[in-house]
Amino acid sequence: MQLTTRILSARDGWFELEVLELPELLAYAKAFDEIPQAVRSAAAVCTGRPVDDFDVVEAL
């Protein structure tokens, strides 16, 4: 499943992320390069699916 993520805010050293395909999901990452894994992990918890089921792309 492809997940499109967008940074909502970047403050206090954290990125707050939204996932367009799962509007109930918010994820947080400490560094920019951690965003894909943070989104995959949060999506797995939210949906009960394996982490490897998700591909993360950045919203334009």
Side-chain angles (χ1 to χ4, degrees):
M1 176 180 198
Q2 183 170 302
L3 299 177
T4 308
T5 188
R6 180 171 37 204
I7 297 172
L8 290 176
S9 67
R11 60 184 156 175
D12 299 328
W14 288 92
F15 292 102
E16 181 180 13
L17 312 161
E18 76 172 337
V19 177
L20 302 183
E21 293 80 8
L22 300 170
E24 69 278 12
L25 177 72
L26 286 178
Y28 298 88
K30 187 79 170 157
F32 189 79
D33 63 339
E34 295 174 2
I35 289 174
Q37 186 57 39
V39 171
R40 282 187 200 98
S41 295
V45 170
C46 181
T47 64
R49 295 172 64 171
V51 173
D52 294 342
D53 278 0
F54 304 102
D55 292 316
V56 178
V57 297
E58 182 181 344
L60 299 177

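We use all heavy atoms of the structure for the numbers below, so side chains are in, but hydrogens, waters and symmetry mates are not. Since this is a predicted model, take the numbers as computed values, not measurements.
In this structure, Ala29 and Ala38 approach most closely via the heavy-atom pair CB-CB, 4.0 Å. The two atoms that bring Cys46 and Leu25 nearest to each other are CB-CD1, 4.0 Å, heavy atoms only.
Follow the hydrophobic side-chain contacts under 4.5 Å out from Val57 and you never reach Phe15; the two are in separate clusters. Taken together through direct or relayed side-chain contacts under 4.5 Å among Ile, Leu, Val, Met, Phe, Trp and Tyr, Leu8 and Trp14 form part of one hydrophobic cluster. Tyr28 and Val19 fall into different hydrophobic clusters, where Ile, Leu, Val, Met, Phe, Trp and Tyr residues are linked whenever their side-chain heavy atoms come under 4.5 Å apart, directly or through other members. No single ILVMFWY cluster, assembled from side-chain heavy atoms under 4.5 Å apart, contains both Leu20 and Val45.
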**Request:** For Val51 and Arg40, run side chain to side chain contact (heavy atoms under 4.5 Å, CB included): C-alpha distance rounded to whole Å, both residues' side-chain angles, the deciding distance at 0.1 Å, then the answer.
**Result:** CA-CA 5 Å; Val51 173; Arg40 282 187 200 98; 3.7 Å; yes
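Formation of a donor-acceptor pair under 3.5 Å by the Thr47 side chain with backbone atoms of Arg49 is found in this model. Of the possible polar contacts, none joining the Thr5 side chain to the Glu58 backbone as a donor-acceptor pair under 3.5 Å is found. In this structure, the side chain of Glu16 does not engage the main chain of Leu26 through any donor-acceptor pair within 3.5 Å.
Applying the salt bridge (Lys or Arg N to Asp or Glu O under 4.0 Å) criterion to Glu34, with sequence neighbours excluded, gives no partner residue.
Atom CD of Gln37 has more than 12 heavy atoms from other residues, nucleotides or ligands within 6.0 Å.
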